[in-house]
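Notes for the one structure printed next.
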Amino acid sequence: SRRIKNISISKPIIYGNVAEKISESNPLPEGAPADHSHTWKVFVADPLGNDLSSYIRKVVFKLHETYNNPTRSIEEPPFEVTETGWGEFEIAIKIYFNNDCGEKNITLYHHLKLHPYGPQLEESQRTGKVESILFDEIVFNEPTERMFKLLTSK
Ligand code: SLL
């Protein structure tokens, strides 16, 4: 469909990870390797909890090669991957927009955080939890009429 000139629409997103140390209250899931020290979840979401699937059709998370099937394709919300592990690494997060909307996919990079330091350290030692979450805005310049509708519905 045609593009609408001189307009740009930005959509807020948050992306990143939460993690928790293995402990009595957060036991290692069945089948996970014994050397894994944390459970973690990497995700892309709307900061206000709205449904991103109005304009996002899938999110592909590329994990470290030490994982089975490291390319995890998530085709409906919630756009997230839950795993266990012992180490930090960079996750490529590829976001695909709805078909026929004229937008190329984009890739974000997230450094998986398991180990707290600095201002997070004290609270993290108490709770066993750590997180690294960023806010961003995806800007759509001169969107197609179709994409404009998807971006402005609700
Ligand atoms: C690196 N940071 O870049 C290190 C390695 C790998 C993390 C991080 C578990 C994998 C598995 C895991 O935590 N891998 O056992 O499935 O080389």
Side-chain angles (χ1 to χ4, degrees), residues 9-140 146-147 149-154:
I9 295 185
S10 60
K11 299 294 277 186
I13 57 160
I14 52 173
Y15 66 98
N17 81 278
V18 295
E20 184 171 354
K21 254 194 188 152
I22 300 301
S23 68
E24 238 165 75
S25 60
N26 184 45
L28 195 63
E30 193 146 343
D35 64 341
H36 285 193
S37 53
H38 291 75
T39 55
W40 55 259
K41 178 173 85 178
V42 61
F43 62 88
V44 175
D46 181 281
L48 303 175
N50 293 324
D51 184 3
L52 290 179
S53 64
S54 56
Y55 68 99
I56 292 179
R57 108 181 121 84
K58 74 171 173 179
V59 178
V60 178
F61 297 89
K62 180 81 172 60
L63 309 184
H64 195 264
E65 315 81 80
T66 47
Y67 283 86
N68 289 332
N69 311 313
T71 303
R72 308 285 175 89
S73 183
I74 311 298
E75 319 218 335
E76 57 195 56
F79 297 113
E80 61 185 39
V81 171
T82 299
E83 260 297 351
T84 62
W86 52 263
E88 300 190 349
F89 56 92
E90 186 173 68
I91 301 177
I93 303 173
K94 210 170 210 180
I95 299 178
Y96 292 81
F97 302 107
N98 279 342
N99 284 330
D100 315 321
C101 70
E103 297 294 334
K104 293 205 183 83
N105 58 58
I106 61 169
T107 305
L108 306 172
Y109 295 91
H110 173 70
H111 184 87
L112 178 71
K113 179 166 178 155
L114 304 183
H115 302 290
Y117 55 85
Q120 285 191 330
L121 187 57
E122 198 186 336
E123 185 186 347
S124 186
Q125 281 170 338
R126 210 159 12 83
T127 63
K129 294 180 186 171
V130 64
E131 64 179 42
S132 172
I133 301 170
L134 291 181
F135 176 96
D136 204 352
E137 287 186 35
I138 308 179
V139 179
F140 299 92
R146 179 166 154 67
M147 191 56 166
K149 285 209 184 84
L150 296 175
L151 293 171
T152 54
S153 71
K154 73 175 158 43

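No hydrogens, no waters, no symmetry mates; every other heavy atom, side chains included, goes into these values.
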Summary of side-chain hydrogen bond (donor to acceptor under 3.5 Å, both in side chains) pairs that have at least one residue in residues 116-126, sequence neighbours excluded = Lys113-Gln120
What pairs with Phe97 under ring-ring contact (aromatic ring centres under 6.0 Å, His included), at least two apart in sequence or on another chain?
-> Phe140
Taking every heavy atom of Ser54 against every heavy atom of Asn98, the minimum-distance pair comes out as O-ND2, 2.8 Å
Residues at least two apart in sequence or cross-chain that pass side-chain hydrogen bond (donor to acceptor under 3.5 Å, both in side chains) with Arg146, listed by chain then number, are none
Residues Ala34 and Leu28: closest non-hydrogen pair is CA-CD2, 3.9 Å
Measure from the side-chain N and O atoms of Asp136 to the backbone N and O of Ile14, and report whether any donor-acceptor pair falls under 3.5 Å.
-> no
Set of ring-ring contact (aromatic ring centres under 6.0 Å, His included) partners for Phe43, sequence neighbours left out = none
Can you tell if the side chain of Ser53 reaches within under 4.5 Å of the side chain of Glu76, non-hydrogen atoms only?
-> no
Can you list the steps and then say if Asn105 with Ile95 is a side-chain contact (heavy atoms from CB on, under 4.5 Å)?
-> CA-CA 6 Å; Asn105 58 58; Ile95 299 178; over 6 Å; no
Can you tell me how far SG of Cys101 sits from OH of Tyr96, rounded to the nearest 0.5 angstrom?
-> 13.0 Å
Could I get the full list of side-chain hydrogen bond (donor to acceptor under 3.5 Å, both in side chains) partners for Glu75, not counting sequence neighbours?
-> Ser73
Taking only distance into account, with no hydrogens and no angle test, what donor-acceptor pairs under 3.5 Å do side-chain atoms of residues 80-93 form with protein atoms, sequence neighbours excluded?
unit_1, atom_1, unit_2, atom_2, d
Glu83, OE2, Arg72, NH1, 3.2
Glu83, OE2, Arg72, NH2, 3.0
Thr84, OG1, His36, ND1, 2.7
Glu88, OE1, His111, NE2, 3.0
Glu88, OE2, Leu114, N, 2.9
Glu88, OE2, His115, N, 2.9

Does Asp51 reach the side chain of Pro77, with side-chain heavy atoms less than 4.5 Å apart?
-> yes
Can you list the residues that meet the side-chain contact (heavy atoms from CB on, under 4.5 Å) rule with Lys129, with sequence neighbours excluded?
-> Glu20, Thr127
Would you say the side-chain atoms of Lys11 pair up with the backbone N or O of Val139, donor to acceptor, closer than 3.5 Å?
-> no
Can you name the side-chain hydrogen bond (donor to acceptor under 3.5 Å, both in side chains) partners of Thr71, sequence neighbours left out?
-> none
Not counting sequence neighbours, list each pair that qualifies as a salt bridge (Lys or Arg N to Asp or Glu O under 4.0 Å) and has a residue in residues 92-101.
-> none
Are the side chain of His64 and the backbone of Thr66 linked by a donor-acceptor contact shorter than 3.5 Å?
-> yes
In chain order, what residues pass the side-chain hydrogen bond (donor to acceptor under 3.5 Å, both in side chains) check against Thr39, with sequence neighbours excluded?
-> Asn26
Do Phe135 and Pro12 come close enough that some side-chain heavy atom pair is under 4.5 Å?
-> yes
Is atom NZ of Lys58 surrounded by more than 12 heavy atoms (other residues, nucleotides or ligands) closer than 6.0 Å?
-> yes
Do you know which two heavy atoms are closest between Leu63 and Trp40, and how far apart they sit?
-> CD2-CH2, 3.9 Å
Could you go step by step and tell me if Val18 and Ile133 meet the side-chain contact (heavy atoms from CB on, under 4.5 Å) rule?
-> CA-CA 8 Å; Val18 295; Ile133 301 170; 4.3 Å; yes
Can you sort out the partners of Leu48 under side-chain contact (heavy atoms from CB on, under 4.5 Å), two or more places apart, ordered by chain and number?
-> Asp46, Asn50
In short, Ile13 meets Val44 closest at the heavy-atom pair CD1-CG1, 4.4 Å
